[in-house]
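Encoded as structure tokens, the structure appears first; notes follow it.
Convention: sequence-line order gives letters A, B, ...; per-chain numbering from 1. Computed from heavy atoms alone, side chains included, the values below leave out hydrogens, waters and symmetry copies.
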There are 2 protein chains.
Amino acid sequence: MAPRNESCQNCPIRHSAVCADCEPHELAILEQLKSYRTYAPGATIASAGESLAHLSSLVSGCATMSRTLEDGRRQAVGLLLPADFIGRPGRATSLFDIEAVSEVTLCRFERMQFERMVRDTPHIATRLLSMTLDELDVAREMAVTLGRMTAREKIASFLVSLARRQATVTRHSGPKSPVALHLPLSRQAIADHLGLTIETVSRQLTQLRKAGLIALTDSRDISIPDFERLQVEAGEDDFTPVI
Amino acid sequence: MAPRNESCQNCPIRHSAVCADCEPHELAILEQLKSYRTYAPGATIASAGESLAHLSSLVSGCATMSRTLEDGRRQAVGLLLPADFIGRPGRATSLFDIEAVSEVTLCRFERMQFERMVRDTPHIATRLLSMTLDELDVAREMAVTLGRMTAREKIASFLVSLARRQATVTRHSGPKSPVALHLPLSRQAIADHLGLTIETVSRQLTQLRKAGLIALTDSRDISIPDFERLQVEAGEDDFTPVI
DNA sequence: CGCGGCATTGACTTCTGTCAAAAATAGTGG
DNA sequence: CCACTATTTTTGACAGAAGTCAATGCCGCG
């Protein structure tokens, strides 16, 4: 459960979210404007085409951004983890569905107030630009994965990128020690991210396990004995940036 | 051929590029800093992993942004048309290959000077943010297409989006009149954009032609008799935004 | 005219999707 | 705590969409 209005000083995403570059006096303004909201797993945070009254930073938990076509086909376009920003200044409606995967806490700002902050506070504007450019890179890497990788490569690169994003939490000492990885997503949600079916995801995970590239303690917890070997399996070339 | 330093006043992308929101005095500064450069069709504008000395706006022509994997598989992540911005402040290297498709003219700024402009000129910073957010939406739509659409839907939606982007130039009076569309890309380049092979692109275009959805005058020129019908074929739902 | 690149078409293969069932896991209530 | 159900995951058999390999056709150009 999120505190009503805990101080930004103690915020877990203080140095990585949209407020990262703010000076104390700027932070004080944000502190006045912000409000927290918590969503249960599976809850809808936003729906494609509907208006979005708040812009938010994801403080804790995990959410997906996706589009569902009329016939039920679904494609995820982003995995939202702590510090990620939700919504965009200048457009009132979300183009995608946003759904809580685990329990999610958002730090929210009213649209108008936030848009004024973006105009008046260069530290927020430039931080938001920088984050948006990073997201753009991620989205384009995603396009490479979706368009040209095999099912096996998609799974491997998904695991690699997830491991990198959780690195601070789970990675132990040396780069050669096994990496423990918790999957926040169901097989179905992984399939939606990679443009695959649930069956193909399951089969490829089994193959990776049989090849000794991963070990499954339970269906949501994976251990990667040799991270570099999995990176090779992910078909990464030297240009693939570590975002 | 691009003029050496033609006035920004007459620039074809004056009101749609990164400088769109600039006041006359801001434009005057840009005018001092800019330089034009022209690339022949097929020329390399940037290479993945290599440094990029300039940030640019594409003034005329067409270019692709793509990644080529070690084994030759290639995926395009963007089609660059007039007013599109190339490069990003805050990172000196390009993550993707950028290649001229037709003859391309760029309006270029030195990295350092442009980054200073972004810091000092809110009209540039906010315009760049807005453009980047739009590109992010495009990239995410692309992910939906690459991940979940059939070959036929990919081709149809590619044609629809190309027609929309060329709308100002080619679209005639009413929305029901046939739309003429020139393909700037070869079959191979289209395939690279859609995550398909050249043969599949060719076959699907033939099928669309046989179904009366398009007519091919020559292999690069397409006429769309009923645009709305092609939109349906593209599998667009009501939420698909017209970007 | 003949070469070379691009596009189209055909025959066949393969990877992933579909349909279906079994196994594992989680959740519920007695 | 344990049976029982519901959900998720895994596995299998088969089908189908797109890829691969190969040949042919089309154009522009020297």
Q. Is the distance from OP1 or OP2 of C:dG17 to the nearest side-chain N or O of A:T200 less than 4.0 Å?
A. yes
Q.
Taking the minimum atom-to-atom distance to the side chain of A:R187, which one of D:dT9, C:dT16, D:dG12 wins?
A. D:dT9
Q) Please give, in whole Å, the distance from C:dC15 P to A:R148 CZ? A) 16 Å
Q. For residues A:S202 and A:E199, is any side-chain donor paired with an opposing acceptor at under 3.5 Å?
A. no
Q. Expressed in angstrom and rounded to an integer, what is the separation of B:L208 atom CG from C:dT9 atom P?
A. 13 Å
**Q.** NZ/NE/NH1/NH2 to OD/OE distance under 4.0 Å, A:D192 and A:R187
**A.** no
Q. When rounded to the nearest 0.5 angstrom, what distance separates CD in A:Q204 from CD1 in A:I190?
A. 12.5 Å
**Q.** A:R220 CZ to C:dA24 P, straight-line distance once rounded to whole Å
**A.** 19 Å
Q: May I ask you to say whether B:D71 pairs ionically with B:R73, meaning some side-chain N is under 4.0 Å from a carboxylate O?
A: yes
Q. In terms of the nearest nucleotide of DNA chain D, which residue is placed more toward the 5' end: A:I198 or B:Q204?
A. A:I198
Q: Determine the contact category for B:L196: base if any of its heavy atoms lies under 4.0 Å from a base atom, sugar-phosphate if only primed atoms, P, OP1 or OP2 are that close, otherwise nothing.
A: sugar-phosphate
(Q) With a 4.0 Å limit, can you tell me whether B:R203 has a side-chain N or O closer than that to the phosphate oxygens OP1/OP2 of C:dT8? (A) no
Q) Given atom CD of A:E153 and atom P of C:dC15, what is their separation to the nearest angstrom? A) 12 Å
Q: Please state how far atom CG in B:D218 lies from atom C1' in C:dT8, giving the value in whole angstrom units.
A: 14 Å
Q: Using whole Å, report how far CG of B:L205 lies from P of D:dA18.
A: 14 Å
(Q) It should be established whether B:T206 places a side-chain nitrogen or oxygen under 4.0 Å from OP1 or OP2 of nucleotide C:dT9. (A) yes
Q) What nucleotide among C:dA7, D:dT11, D:dA18 has an atom nearest to a side-chain atom of A:S202? A) D:dT11
(Q) By nearest atom, which of the nucleotides D:dG12, D:dT9, C:dT9 is closest to the A:E199 side chain? (A) D:dG12
(Q) Measuring from the side chain of A:S186 (C-beta onward, heavy atoms only), which nucleotide among C:dT16, D:dT9, D:dA18 has the closest atom? (A) D:dT9
